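Small disclaimer: the values here were computed from a predicted structure and weren't measured. Both counts, for ligands and for their atoms, begin at 1 and track the order of listing.
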Amino acid sequence: MSGNTDWRARYEADLMGTFATPPLLLDHGQGAWVWDADGNKYLDFLGGIAVNSLGHAHPVLIEAVTRQVSLAAHVSNLFASEPQLALAERLKRITGAGDEGKVFFSNSGTEANEAAFKLARLNRGEGGKTRIIALKNAFHGRTMGALALTGKSYMQDPFAPMTPGVEHIDATFEALEAAVDGTVAAVFLEPLQGEAGVIELPEGFLAKARELTEQHGALLIIDEVQTGIGRTGQWFGFEHEGIVPDAITLAKGLAGGVPIGALVTFGRASQLFGRGHHGSTFGGNPLATAAGDAVLAEIEASGLIENARVRGEQLRAAIAALESPLIAGTRGRGLLIGIAFAEPVAEQVVAAARAHGLIVNATGPDSIRLAPPLVIGDIELDEFAARFGAALADISATPIEKVTA
Ligand SMILES: Cc1ncc(COP(=O)(O)O)c(C=O)c1O
């Protein structure tokens, strides 16, 4: 249906009110571009929130999904399939989990973290470890286990009581040292807090967490749902600190838009789950795993991790070159970038950018996030700078709406 005027009414009538009514009805995409139902074209610098790693309608993904759906989309976990085996093998290789590694497939990042939560529960040790440490402002998902890990009281409070055992600490070395002892089953960390506004951890934090968890027999579980799959200029965010975790969780960019999640375990953590401990009907089905394997192969073949690193640096330089007084700075790594504003203008910037044909999203009143497809090149960078610069100029020309608490 094109030329839509009534889609918003239909959305509000029929979709559960958990999301704000969207500003656009998107129809199709190509690379880093999307078109709405009225034919307007947008540069997509959000990529479905770090999901469309190859961009829209990439021929490799089309071929993999089309081929697999014509063979078998689903067989259940009562049976194995070749794409599932191939993706598990590839994940063990690229994560460095190697021969000792194991993979559990889910359908989302939240579900991957649910599996990781259960892994932590199994790491009781002899003394019955039950404490789990996560960070304030962390985001790990919205189901009851993942929500307990998510360090945001406004998300948790309506659904109290939470699954017990999780404590949220500040991202400081002192808090980490005080929290981790022999009663801790696991520490959950995002290498960059994406949903919190692409917030960086203090340098050396992952390494310290590794040291302490190793010392006390706790698992170090890294949530790579947003930072993984090349986004930060390495396959995984943990690699920037040269550590080896006990487990990582993946989703988002893994299958380029086809729903999938994964828990990958390393070393002795691979022995914790046994038969009957966990399951999923859809998890690891041939369609999603064929998509995932094709996406990872294409990222490797086309050097997209290096592209993420180089384009990320160019993007941050282009943002700095705009010399906008509204911009306080940039954060992040590779193609996961947070832009901090000096004023609470994020929502206005998002709307102004959209008016100039650019999609970005607000992660708070004074920050926005960029997570474009890993395939962007010179044209997209130039278009971004022109459109974003025009949006900022519009805002500078109009009075800023002060947000009152
Ligand atoms: C770090 C992190 N963990 C978990 C999730 C939840 O993933 P999903 O929305 O696929 O369930 C997200 C989603 O934004 C995330 O950024």
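Closer than 4.0 angstrom to ligand 1 sit non-hydrogen atoms from Ser108, Gly109, Thr110, Asn113, Phe139, His140, Glu190, Glu195, Asp223, Val225, Gln226, Lys252.
Atom CZ of residue Arg354 and atom CG of residue Asn40 lie 11.5 Å apart, to the nearest 0.5 angstrom.
Distance alone, capped at 3.5 Å, is enough to place a donor-acceptor pair between the Asn123 side chain and the Gly217 backbone.
No more than 12 heavy-atom neighbours from other residues, nucleotides or ligands sit within 6.0 angstrom of NZ on Lys102.
What you find for Ser270 and Glu100 is that their closest heavy atoms are OG-O, 2.8 Å. The two residues Leu43 and Phe384 have their closest heavy-atom pair at CD2-N, 3.5 Å.
Salt bridge absent: Glu313 and Arg316 never bring a charged side-chain N and a carboxylate O closer than 4.0 Å.
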